[in-house]
Structure formats: structure tokens, C-alpha cells
Amino acid sequence: RSKDAGGGVFHSYEPQLHVAAEERRILEIALRSALQNDELHLNFQPVVDTAAGSLTGFEALLRWTHPDFGPVSPSKFIPLAEDARLIAPIGEWVLRRACAEAAHWDESIRIAVNVSSEQLHNPAFVSVVAQALGQSGLRPERLELEVTESVFLREGTGAVRVLEQILELGCRLSLDDFGTGYSSLGYLSRTRFSTIKIDRSFVQAAANGGREATAIIRAVVALADSLGMTTTAEGVETEDEHRVVGALGCGKAQGFYFGRPLPLNEARTLATNSKGGNSAAA
Ligand code: C2E
Ligand code: MG
Ligand code: MG
Ligand code: MG
């Protein structure tokens with residue numbers, strides 16, 4: 001406990017701040033042993049072709065269930081893992097598990113894996129990706145790494161070079177949560193992304209008749225088109241939102257309307273029945 005200051009000035013701190021700091025400290029300690037204790041697992045959320053409605057891939061989403069605290073949200077523990085320098089081992093585990101699983105799926109089904117900026121600032125990450133592919137036998141074209149714009153904020157640390165080497169391996173890159181960060185168009189010309197993922201906030205606003213959001217989605221789709229990229233609408237929850245993002249030209253969509261993040265066995269069932277004929281797992 002941080003009571004050692006003996007009262008005094010620290011008593012004026014807002015109580016929530018203490019709770020948050022204390023919670024963070026406890027979660028961080030628990031997260032250190034989560035991997036060894038087998039508390040992590042992956043869920044897989046379907047990604048569909050907006051026009052055809054057919055399955056094109058899954059996004060791997062990390063889940064942590066602590067034996068006492070229960071499920072902890074990724075929006076809570078991922079930032080914690082990044083701060084505590086735990087994201088490298090955890091991210092490596094995610095990548096290996098995701099590739100190993102996707103190797104069982106039909107050849108037409110892709111797997112998308114989220115990668116933190118922290119991971120991309122380590123040149124050794126390229127060999128982690130190469131190993132995950134090599135050990136699973138997954139074709140590199142089937143692996144898509146999702147990065148956010150924050151990766152470009154720290155200059156001169158080699159992250160762009162790491163992204164280039166990932167492209168040289170034959171993997172795809174997508175730009176996640178587009179529109180929520182700094183959205184400099186310079187990133188799009190410097191790095192060859194296959195897909196721009198349009199954040200859920202724009203999808204919701206556009207479906208609610210928001211003119212700005214509609215104009216922004218339209219512009220991003222046009223930009224992606226002219227740069228040879230595709231777009232994925234994130235967080236599509238309703239039929240109405242599906243219709244709107246389809247009409248605006250988003251090639252792919254993802255969200256609760258099409259499917260929640262699924263446990264491994266349910267994802268495998270969908271991924272091995274999509275186009276008839278299971279591919280031989282490597
Ligand atoms: P993200 O990559 O943008 O993933 C999409 C998030 O939106 C997921 O939250 C997903 O469950 C949620 N989502 C999907 N469809 C809908 C919808 O229709 N409505 C709503 N309200 N939400 C929807 P989740 O799983 O809680 O993950 C949150 C974030 O944590 C992810 O955002 C990603 O940034 C990060 N994350 C998850 N797994 C990993 C991982 O393995 N590695 C890293 N570095 N980050 C991860
Ligand atoms: Mg993502
Ligand atoms: Mg996203
Ligand atoms: Mg998001």
C-alpha cells in the first residue's frame with residue numbers, strides 16, 4: 001500500500017486514482033504469470049465480404065481469464081502489458097497460436113493478428129513472424145498483421161523497416177482503428193497496407209445519418225481504392241449499419257451483426273466449411 005507517506009498531502013488525492021493505481025499494480029503482477037498459468041486464450045471474430053456476405057477471415061482477439069478476478073478486458077490488460085514490457089512474450093504467443101490454428105482452416109480464410117507498436121520497435125520481431133509461419137506451415141499471404149498509427153509516432157526506431165521486412169515475408173498489413181488517431185496520409189504512402197480498417201465510431205455515426213462521418217468513410221474508401229487497398233468497416237452491429245457501409249463501398253465488414261468473437265472450435269467449424277473441402281493442415 002502507498003500509505004507510507006504517513007498521510008499528509010497525499011490524502012487530498014482523489015480516491016479513484018488510488019484504486020486505479022492499486023488495481024493496475026495487482027493486475028500487472030497477475031499478468032506476469034498469466035502465460036505460464038495457461039490463463040490466456042484466443043477468440044476469433046469473423047470478417048466478411050460486405051457484398052457477398054461470405055467469410056473471408058478471422059481476427060484473433062486475446063482473452064485473459066484470471067482464476068479469481070474472472071475475465072479481464074483487453075482494453076485494460078493490453079496497455080498494461082505494453083507498459084510492463086510483457087507484450088513481446090504475450091504477442092509472440094498470440095502469433096504462434098493464431099498461425100497454428102489458421103493452418104487447419106481452408107486456404108481461402110485469412111487470419112488477422114493485432115500487433116502493438118512496442119513489438120514493431122524490436123527488429124527481432126521479424127524472425128518471430130517468420131518462425132510462427134515456418135512452424136505452422138501457414139502461407140504468409142494468409143497472415144495479416146494489424147497495426148495502429150501509433151507505430152509511426154516514434155521516429156527513427158526502425159519500425160518502418162520492420163514493417164517492410166514483414167511485407168517481404170509475404171504477409172499483409174492493415175491499418176487498424178483508422179480515423180481515431182493521427183491519420184496522417186503520409187503513413188499510407190510510406191508503407192504498403194492492404195487494408196484500412198475504419199473505426200466503429202464512424203460506422204455508427206454514418207448509420208445515424210451523420211454527414212461528416214459519411215463523407216469521411218466515402219473519402220477513405222476512395223483513397224483506399226486509388227491506392228490499391230481495401231477497406232474493412234469495424235464494429236457493424238445492425239442490419240442498417242451493414243447496408244450503409246455496403247453502400248459507401250467498404251469491401252469488408254466485421255462486427256457483432258456478422259458474428260461475435262468465437263471460441264476456437266466454433267471458428268474452426270466455420271473456417272473449414274466455407275468453400276467445401278478441408279485444406280490439409282500443415
Ligand atoms: P481492435 O483490434 O480494434 O479489435 C476490435 C474490438 O472491437 C474487439 O474488442 C472486438 O471484440 C470489438 N468488437 C467487434 N465487433 C464489435 C461490435 O460490433 N461492437 C462493439 N461494440 N465491439 C465490437 P476486444 O476484443 O475487447 O479488443 C480490444 C482491443 O484490444 C483490440 O481492438 C486490440 O487493439 C486489442 N487487442 C486484442 N487482442 C490483442 C492482441 O492479441 N494483441 C494486441 N497487441 N492487441 C490486442
Ligand atoms: Mg484489430
Ligand atoms: Mg480495430
Ligand atoms: Mg477498434
Can you tell me if [X] uses its side chain to pair, donor with acceptor, with the backbone of [Y] under 3.5 Å?
X      : Y      : result
Asn208 : Gly210 : no
Thr50  : Cys250 : yes
Gln119 : Ser116 : yes
Arg172 : Arg142 : no
Glu82  : Ile87  : no
Ser226 : Leu223 : yes

For the residue pair His242 and Tyr257, does the interplanar ring angle fall in the parallel (under 30°), tilted (30 to 60°) or perpendicular (over 60°) class?
tilted

Over 60° means perpendicular and under 30° means parallel, so classify the ring planes of His66 and Trp64, tilted if in between.
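Rings of Trp64 and His66: perpendicular, as their planes differ by over 60°.
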
Does the side chain of [X] pick up a donor-acceptor pair with the side chain of [Y] at under 3.5 Å?
X      : Y      : answer
Thr65  : Glu39  : no
Asp106 : Ser108 : no
Arg96  : Gln135 : yes
Ser150 : Ser117 : yes
Glu241 : Gln204 : no

Lys/Arg cation over aromatic Phe256: Arg260, 6.0 Å, 45° cone
yes

Specify the closest pair of heavy atoms between [X] and [Y], including all atoms of both residues, with the distance to one decimal.
X      : Y      : result
Val113 : Ala98  : CG2-CB, 3.6 Å
Leu55  : Gly57  : CD1-O, 3.4 Å
Glu146 : Ala112 : OE2-CB, 3.4 Å
Ala52  : Asp49  : N-OD1, 2.8 Å
Pro79  : Pro74  : CD-O, 3.5 Å
Ser73  : Ser75  : OG-OG, 2.7 Å

Side chain to side chain donor-acceptor pair (under 3.5 Å) between Thr238 and Asp240, worked out
CA-CA 5 Å; Thr238 64; Asp240 201 39; 5.3 Å; no

For the pair [X] and [Y], find out whether any cationic side-chain nitrogen is under 4.0 Å from an anionic carboxylate oxygen.
X      : Y      : value
Glu164 : Arg192 : no
Glu237 : Arg200 : yes
Glu107 : Arg139 : yes
Glu168 : Arg161 : yes
Arg243 : Glu239 : no

Return yes when atom CD of Gln36 has more than 12 non-hydrogen atoms of other residues, nucleotides or ligands closer than 6.0 Å, and no otherwise.
yes

Sole candidate of Asp177, Thr231, Asp176 that passes side chain to side chain contact (heavy atoms under 4.5 Å, CB included) when paired with Ile198
Thr231

To the nearest 0.5 Å, what is the distance between CZ on Phe58 and CD1 on Ile109?
6.5 Å

Run the side chain to side chain donor-acceptor pair (under 3.5 Å) test on Gln254 and Thr232 for me, step by step, so that the C-alpha distance in whole Å, both residues' side-chain angles and the decisive distance to 0.1 Å come before the verdict.
CA-CA 7 Å; Gln254 189 178 346; Thr232 302; 5.8 Å; no

